[in-house]
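I have placed the structure first, in the form of structure tokens, so that the comments after it can refer back to it.
Chain identifiers are assigned alphabetically (A, B, ...) following the order of the sequence lines, protein sequences preceding nucleic acid strands; residue numbering begins at 1 within each chain. As the structure is a prediction and not an experimental result, all values here were calculated from the model.
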2 protein chains.
Amino acid sequence: MPTVSSEELATAAGVNSAKLRKDFSYLGSYGTRGVGYDVEYLVYQISRELGLTQDWPVVIVGIGNLGAALANYGGFASRGFRVAALIDADPAMAGKPVAGLPVRHTDELESIISDNGVSIGVIATPAGAAQQVCDRLVAAGVTSILNFAPTVLSVPEGVDVRKVDLSIELQILAFHEQRKAGEENAPSPVPPRSGAAVRAASENRKGPDGDVPAVMPA
Amino acid sequence: MPTVSSEELATAAGVNSAKLRKDFSYLGSYGTRGVGYDVEYLVYQISRELGLTQDWPVVIVGIGNLGAALANYGGFASRGFRVAALIDADPAMAGKPVAGLPVRHTDELESIISDNGVSIGVIATPAGAAQQVCDRLVAAGVTSILNFAPTVLSVPEGVDVRKVDLSIELQILAFHEQRKAGEENAPSPVPPRSGAAVRAASENRKGPDGDVPAVMPA
DNA sequence: ATGCCTTTGTGAACGCGTGCACAAAGATGG
DNA sequence: CCATCTTTGTGCACGCGTTCACAAAGGCAT
Ligand SMILES: NC(=O)c1ccc[n+]([C@@H]2O[C@H](COP(=O)([O-])OP(=O)(O)OC[C@H]3O[C@@H](n4cnc5c(N)ncnc54)[C@H](O)[C@@H]3O)[C@@H](O)[C@H]2O)c1
Ligand SMILES: NC(=O)c1ccc[n+]([C@@H]2O[C@H](COP(=O)([O-])OP(=O)(O)OC[C@H]3O[C@@H](n4cnc5c(N)ncnc54)[C@H](O)[C@@H]3O)[C@@H](O)[C@H]2O)c1
């Protein structure tokens, strides 16, 4: 029986082995003392807890540059996600095949969602249309949304929104970049107290309960 | 002089006003007691600290579906990022205009980087090429990388890597989705101890010092 | 069966971010 | 010029995640 010790996994992942063991214990995952964890069982258990054993139908709304790229991306299927439909408001796109699927018009949005039991939606429309699309998705029964549009979506309680903001990713890199440059020469105008604000700026969004809105002017 | 109080900002952002004030104090940002913060000065100060006052040249490597979408994305320019060049290994693409810029061949990678003083690179190549591209970028002087390929990149100390893994974003949504479904009926197989592992699964990557590698099989 | 060695599971300590509460600062009006 | 009111800046305590350290458990060899 192939096994791994928490120490091996921890080293590979670059984390503390005690944390790993404690986390596993929360999952009810019992290893064998003196031996380690049964790899197969461990994988199964984590997969199940993470929801990877069932597959989730998703819809992508807004089949432009980004939406088409997402539709073509094979990485979703391999993680248990199935693209149930591609939806766009442009009548000219309706019926056109993208990544092997015909693009459906926005009119069909509600029926597509309910027919397929979709609970996860991806929004890749322009920012101006995002909230409206979001509202329709939620009304139709979607309870999880992955948003690429640079807008803060407001949703009723019980609906999760994750926002992917590529500009912020770059800003975080730029922030560290600037910091690197500043270290060598003159001390930063701000003393390196390394306080909460600085650290918070390096982190990503905190969780499902509300993203940090962009306060900087575009 | 237009001002805002920490309380106003905190309410708008949905955070605690004390946290906000404390964070501002780390930035050396002094408000006026009884009045609040000078909006203009505050914006300038935060912008500067975040590195938004200078603009950063970036290169995008791998002009496929995703790379092209990124190149066409206007949101970067508005946040102070300038696409210095688009680079692809496919000879057939060389010279072809994408988003108004001619695609350059990988051979030119090093000279493009040094000529433009690029320190931030975006990798949108297939996973198999990512590490190799990364090595070349780093060797040429890039010290910050935004990686879209589903691979853990290894880089020397001093180089920051941020990984955007869209599958993981969906997995996090699916995880919560499953949890929602489980609450109504039978109790989850795992008692809702709400431990560190569960919470950690909702969080994103922690910071610049090492992403959490994907341990699940694809 | 017994003893040794490895690795788990976890209680306790530590570190850190967050929120509370309040004194000091400064504006504003009388 | 003084009183009052607003809002900042921050010491302090609380909560939570992380890490240490170790006893218990189990395999394995003798
Ligand atoms: N392209 C990128 O790399 C990138 C990066 C980050 C964020 N974004 C954001 O993602 C979104 C899409 O970007 P893009 O480059 O694909 O834009 P795009 O203009 O190429 O595509 C937008 C698509 O949405 C469709 N659409 C418009 N309104 C709609 C509606 N109400 N319902 C359904 N579909 C609708 C349009 O017909 C179009 O096909 C934008 O909000 C953009 O800011 C894009
Ligand atoms: N499309 C998506 O929505 C999406 C989402 C998440 C992650 N990704 C990842 O992003 C990457 C790109 O995705 P894509 O859909 O654009 O793929 P793609 O196949 O359309 O594009 C890849 C491009 O990279 C170029 N390339 C290959 N090797 C190269 C090299 N050594 N140097 C420079 N260029 C090279 C190819 O010529 C091609 O143009 C993949 O790793 C994919 O897994 C894509």
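Atom CD of B:E110 is surrounded by more than 12 heavy atoms from other residues, nucleotides or ligands within 6.0 Å.
Side-chain contact check for A:T53 and A:R48: no donor-acceptor pair (N or O, by modelled atom type) lies under 3.5 Å. Between the side chains of A:Y44 and A:E40, not a single donor N or O lies within less than 3.5 Å of an accepting N or O.
The CZ atom of A:F24 sits 13 Å away from the C1' atom of C:dG9 (whole-angstrom rounding). In this structure, the CE atom of B:M1 is 13 Å from the C1' atom of D:dT7, given to the nearest Å. Distance B:L20 CG to D:dT8 P: 9 Å, rounded to the nearest Å. Spacing between atom CG of A:L42 and atom P of C:dT8 amounts to 11 Å, rounded to whole angstrom units. Per the geometry, CG belonging to B:N16 stands 17 Å off P belonging to D:dC14, to the nearest Å. Separating the CG atom of A:D23 from the C1' atom of D:dT19 is a distance of 12 Å, rounded to the nearest angstrom. Here D:dT19 presents its P atom at 12 Å from CD of A:E7, a figure rounded to the nearest Å. B:R21 places its CZ atom 13 Å from the C1' atom of C:dT18, with the value rounded to the nearest Å.
The side chain of A:K19 approaches D:dT18 more closely than any other nucleotide in the set D:dG9, D:dT18, D:dC22.
An OP1 or OP2 oxygen of D:dT6 is reached within less than 4.0 angstrom by no side-chain nitrogen or oxygen of B:Y37.
Between A:Y30 and A:G34, the residue anchored closer to the 5' end of DNA chain C is A:G34, taking for each the nucleotide with the nearest heavy atom. For the pair B:V35 and A:R33, both in contact range of DNA chain D, the more 5′-proximal nearest nucleotide belongs to B:V35.
Taking the charged nitrogens against the carboxylate oxygens, A:R179 and B:E49 do have a contact shorter than 4.0 Å, which makes a salt bridge.
Judged by distance alone, with hydrogens and angles left aside, A:K22 brings no side-chain donor or acceptor close enough to the base of C:dG9 to form a pair under 3.5 Å.
Residues that satisfy the side-chain hydrogen bond (donor to acceptor under 3.5 Å, both in side chains) test with B:Y30, not counting sequence neighbours, are absent from this structure.
Within 4.0 Å (heavy atoms only), B:S6 reaches sugar-phosphate atoms of the nucleic acid but no base atom.
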